[in-house]
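Report on one structure; see the data block that follows.
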Amino acid sequence: MRTILYILQKEFIQIFRNKTMLPMIFMVPLIQMLILVFAATYDLKNVDIFLVDKNLSETSRELVSHFEGSPFFNIYDASFDLAKAENSLKSDDADLIMLIPENFESDLIRDDEVGLQLLVNAIDGNKAQLIFSYVQGILSSYNKKVIAEWKGLAEFNPPLQIKAKISYWFNSELDYKWYMAPGILAILVTIIGMFLCGMNLVREKEIGTIEQLNVTPIQKYQFIVGKLIPFLVIALFDLAFGLLLAKIAFNLPIAGSLALLFGFGTLYLVGVLGLGLFISTVADTQQQVMFVSFFFMMIFILMGGIFTPVDSMPDWAQTLDRVNPIYYFMKIMRNVVMKGSGFTDLIEEFVSLIVIGLVFLSLSIWRYRKTS
Amino acid sequence: MIKVENISKSYDKVEALKDISFEVEKGELLGLIGPDGAGKTTLMRILMTLILQDRGNATMAGFDVVKSYKNIRLLVGYMPGRFSLYQDLSVEENLNFFATVFGTTIEENYDLIKDIYSQIEPFKTRLAGRLSGGMKQKLALSCALIHKPEILVLDEPTTGVDVVSRKEFWEMLKKLQQQGITILVSTPYMDEASLCDRVALIQKGQIMQIDSPSTIVENYTRKLFAVRSGEMYRLINDLRSFEKTDTAYAFGQYLHYTSKNDEVEATELEQYLLEKEHVQLQVFDIEPGIEDVFMELMSGKEL
């Protein structure tokens, strides 16, 4: 036990003597929380419409004015020339072409029905879907108005309709930042912990100090634990720092227990730090550690559900996520912070993280060899 | 203290050590001498329990290097060829760290390292990375000694160190030896061989000869000449094209020359060179050094 203390003492002296370490510990959370959370938003704003109004009637103008009035849409340009409109879609200047046919008003009066063509840039399928549903919303409210006016129904006798009253739980203002902040924070502590820890161990190999350490009576587990704890402490500190930043910058409500959050954080970090250490016991250079860790991080993050809900991933992907520590921690972070979930709600995650942690940690202790 | 029996080790297809056997007595200073790539480091790493041999056995202070590696680590001090202390820790922090992981303190074993450590103690707050080469060696030696080992294994401790520091370093080794520590040291420098009790000449993974430096030199019975002229480059070419020549190597200011079957006398050699119009010519008999023995062995001949 005393040996571990001496190793820890040595590690902390080295960490605080390292000139890049302190900026890393403070700047990475600052930048990630303040820039990424805002940038990674799903809120749709400023959709540029290229308008091709071949009708130019009172009805068509009124429809267009509905779009102009919406905060989501913006008439970027208008022309009679469809080719020109298509070019602006190709050059990415417009997101959407709205084509109002020549006989828009007359057909509507005569047939009670008329077509309207929308051409959406669907490179980003999600965005296209969102645009479509926003357009639908505007069109249906316009439709209702048209029906009411033309059928001559009185304001006191509105047409029958079902109105859903929606109440948004756990994030009543649908603030996307509140959803992203815990997720980004989960990634942040992973990067800090896994990379720094892995790089640190392999650095001993690169500069040869491991040679001298290996002939000491330090035991494998003492060495691994001595390497793990400093970065666990740093990562937990960054978790606290990140939460504080989120609280100050976008008033993130923390519904659940902080103790629970940090308890799970510790459990999770032991697992990913164990993975980082395992990678570095296999690798020979910092470069290799960077590459392999990055590979795992990318898969873990993208499959972990930071941007896309895991529930809508294919079944095999959801099965794979069973061994993805980031998936569990992302879920824990969001549930504890936003929903206020307690320990009993997260038993499954708890057990999974313990298993993952044990596996990675034992792998790294097993693979770290004093003899080659 | 150290016993090596039929050790072999291969890296892929390269045979680093071929069936090596030798013993080192308690309190003896054995030098492993050989060129780069001879297998010196591999042998030391096997003895230090850092790599496993393919075949054979070895014991250090009676402990098997494979089975009882934990005991060995407590009893042996190791100084790797590359400076392997923490460059970002100070002199004192390095020494303290290695003392504590061995479960001891600087004070407890200060006697042993006093002579060496006192020379770098004025710089004890300096980071190890900012020390000069000679001071780094002294620190590394102090760290290897801090747990009072019975055996000291030093892998090329004087490579890249200036002449004065090299001399000092060997004096320190001699003092440690007097305190009863068994020392195994490797070096590529032949001139350091005479400072060892015994030397093992090692090449291509094989020990070619192991004996005291004086015996090794005594066993060398060839007729050896030192030759010098005004034009050394032409001299070596002329000598090598001489049909009776066996070897001609440059050794400092002179060429060391042997002839086939030792049949050439100094006068004959001088005659031959004068015909080649060499001026300021000097030819005389010399006593062989350990380097001459090694060159002979390298050329693959039996003595």
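Letters A, B, ... are given to chains in the order of the sequence lines, protein chains preceding strands, and every chain is numbered from 1. Every value quoted in this text rests on a predicted model; they were computed, and no experiment measured them.
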Donor-acceptor pair, A:Arg2 side chain versus B:Thr100 backbone, under 3.5 Å?
no

When every non-hydrogen atom of A:Val215 is compared with those of B:Tyr78, the smallest separation belongs to CG1-CD2, 3.6 Å

So which heavy atom on A:Glu211 is nearest to which on B:Ser84, and how close?
CB-OG, 4.2 Å

Is B:Lys70 atom NZ crowded by more than 12 heavy atoms from other residues, nucleotides or ligands, each under 6.0 Å away?
no

In Å, rounded to the nearest 0.5 Å, how long is the span from NZ of A:Lys10 to CG of B:Asp88?
8.5 Å

Got a sec: does the NZ of B:Lys26 have more than 12 other heavy atoms crowding it under 6.0 Å?
yes

Within a radius of less than 6.0 Å around CZ of A:Phe294, do more than 12 heavy atoms belonging to other residues, nucleotides or ligands occur?
no

Interatomic spacing from CD in A:Gln212 to CE in B:Met79 - rounded to 0.5 Å:
8.5 Å

Give the minimum heavy-atom separation between A:Ile218 and B:Val101, together with the two atoms involved.
CD1-CG1, 3.6 Å

Of the non-hydrogen atoms in A:Pro217 and B:Leu74, which two are nearest, and what is the gap between them?
CG-CD2, 3.4 Å

In sequence, state the C-alpha distance, the side-chain angles, and the governing distance for A:Arg17 and B:Leu127, and then conclude on side chain to side chain contact (heavy atoms under 4.5 Å, CB included).
CA-CA 11 Å; A:Arg17 212 164 268 173; B:Leu127 296 187; 3.4 Å; yes

Tell me, side chain or backbone of B:Phe98 under 4.5 Å from chain A's heavy atoms, or both, or neither?
side chain

Under 6.0 Å from the CZ atom of A:Phe291, do we count more than 12 heavy atoms belonging to anything else shown?
no

Would you say that more than 12 heavy atoms from the other residues, nucleotides or ligands in this model lie under 6.0 Å from the NZ of B:Lys67, or not?
no

How close do A:Thr216 and B:Arg73 get, heavy atom to heavy atom, and via which atoms?
O-CD, 3.6 Å

Working to the nearest 0.5 angstrom, can you tell me the gap between A:Leu213 CG and B:Phe97 CZ?
5.0 Å

Are more than 12 heavy atoms from other residues, nucleotides or ligands located less than 6.0 Å from atom CD of A:Gln287?
no

Does anything in residues 196-207 of chain A reach chain B? List residues with heavy atoms under 4.5 Å apart, or say none.
A:Arg203, A:Glu204, A:Lys205, A:Glu206, A:Ile207

The reported gap from CD in A:Gln14 to CG in B:Leu89 (rounded to nearest 0.5 angstrom) is 4.5 Å

Tell me, yes or no, whether the heavy-atom count around A:Met24 atom CE, taken from other residues, nucleotides or ligands under 6.0 Å, exceeds 12.
no

Does a sphere of radius 6.0 Å around NZ in B:Lys18 hold more than 12 heavy atoms from other residues, nucleotides or ligands, not counting ones at 6.0 Å or beyond?
yes

